[in-house]
Amino acid sequence: AQSVTQLDSHVSVSEGTPVLLRCNYSSSYSPSLFWYVQHPNKGLQLLLKYTSAATLVKGINGFEAEFKKSETSFHLTKPSAHMSDAAEYFCVVRGGTDKLIFGTGTRLQVFP
Amino acid sequence: DAGVTQSPTHLIKTRGQQVTLRCSPISGHKSVSWYQQVLGQGPQFIFQYYEKEERGRGNFPDRFSARQFPNYSSELNVNALLLGDSALYLCASSHPQGIDYGYTFGSGTRLTVV
């Protein structure tokens with residue numbers, strides 16, 4: 001069965017400093033992995049996805065993630081945080097057929 | 001192109017009542033999925049429909065049901081509402097070639113059961 005574990009429930013950074021949101025996955029086959037962002041009282045927006053092509057995936061708003069099979073990880077990074085990045089971030093793995101399995105989320109706070 | 005549209009945006013119901021939530025997928029998308037997001041948690045898969053047939057069901061009681069219409073829009077019905085059904089209900093539609101090619105969420109319906 002597929003699952004994801006987000007290692008931090010909260011991450012706080014200062015504006016202009018790097019962001020690292022950690023995610024480990026479990027899958028019995030080559031996974032499809034996604035990062036979604038949810039701003040307060042908003043729906044879910046796709047940041048980026050890994051579907052067995054390049055292991056370093058670039059997404060929107062300067063975010064990127066690296067798929068590391070040996071570490072079963074798919075961590076999300078951004079070189080320089082912006083105040084507008086404050087939101088809830090979900091690491092997601094594709095389950096059977098066309099369903100998504102979400103992690104518990106990481107709340108990112110950005111301080112000025 | 002319009003995105004995934006859901007209605008209503010907010011709803012307040014009393015315990016024991018029934019509720020119907022609606023979703024219109026992106027034009028050309030034939031698959032619709034429903035998710036429940038309880039406050040402070042990640043979304044949980046409820047149903048997937050493709051070409052009007054149920055293709056997947058999550059671990060939810062029979063009080064939850066859904067259907068898909070010929071125009072690919074969908075309804076989610078919840079009977080005998082419980083306080084624990086209070087959540088954000090999200091609809092997503094997926095690209096005809098599968099979710100690896102596109103999977104878009106609507107803004108959701110916020111259901112409050114009192």
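The figures here come from the full heavy-atom set of this structure, side chains too, leaving out hydrogens, waters and symmetry mates. So that the names make sense, note that chain A is the first sequence line, chain B the second, and so on, each numbered from 1.
- Cluster annotation: B:Leu90 is not connected to A:Leu47 through the hydrophobic network of ILVMFWY side chains, with a link wherever side-chain heavy atoms come within less than 4.5 Å.
- Of the inter-residue distances, the one linking A:Lys42 atom NZ with B:Leu88 atom CG reads 12.5 Å to the nearest 0.5 angstrom.
- Both A:Val57 and A:Leu76 are members of a single hydrophobic cluster when ILVMFWY side chains are connected at heavy-atom separations under 4.5 Å.
- For A:Leu56, the CG atom counts as densely surrounded, since its 6.0 Å shell holds more than 12 non-hydrogen atoms of other residues, nucleotides or ligands.
- Within the 4.5 Å cutoff, the side chain of A:Tyr36 has no heavy atoms near those of the B:Pro43 side chain.
- Following chains of ILVMFWY side-chain contacts shorter than 4.5 Å, one can reach B:Tyr49 starting from B:Leu76, so the two form part of one hydrophobic cluster.
- The closest donor-acceptor contact from the side chain of B:Tyr35 to the backbone of A:Lys99 lies at 3.5 Å or more, if one exists at all.
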### Task
In sequence, state the C-alpha distance, the side-chain angles, and the governing distance for B:Tyr103 and A:Phe34, and then conclude on ring pair (Phe, Tyr, Trp, His ring centres under 6.0 Å).
CA-CA 11 Å; B:Tyr103 198 78; A:Phe34 309 80; 7.6 Å; no
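- Using a 4.5 Å cut-off between heavy atoms, A:Thr104 contacts chain B through its backbone alone, with no side-chain atom that close.
- Both A:Leu21 and A:Met83 belong to a single network of hydrophobic side chains, linked directly or stepwise wherever heavy atoms of I, L, V, M, F, W or Y lie under 4.5 Å apart.
- Placement of B:Phe45 and B:Trp34 in two distinct hydrophobic clusters is found when ILVMFWY residues are connected by side-chain heavy-atom separations under 4.5 Å, directly or transitively.
- Neither the backbone nor the side chain of A:Glu88 has a heavy atom closer than 4.5 Å to any heavy atom of chain B.
- Top candidate by heavy-atom pairs under 4.5 Å with chain B, chosen from A:Leu46, A:Val92, A:Ile101, A:Leu100, is A:Leu100.
- How far CZ of A:Phe90 is from CD of B:Gln37: 4.5 Å, rounded to the nearest 0.5 Å.
- Put simply, the side chain of A:Gln45 does not reach to within 4.5 Å of the side chain of B:Thr104, judged on heavy atoms.
- Atom CD of B:Glu51 has more than 12 heavy atoms from other residues, nucleotides or ligands within 6.0 Å.
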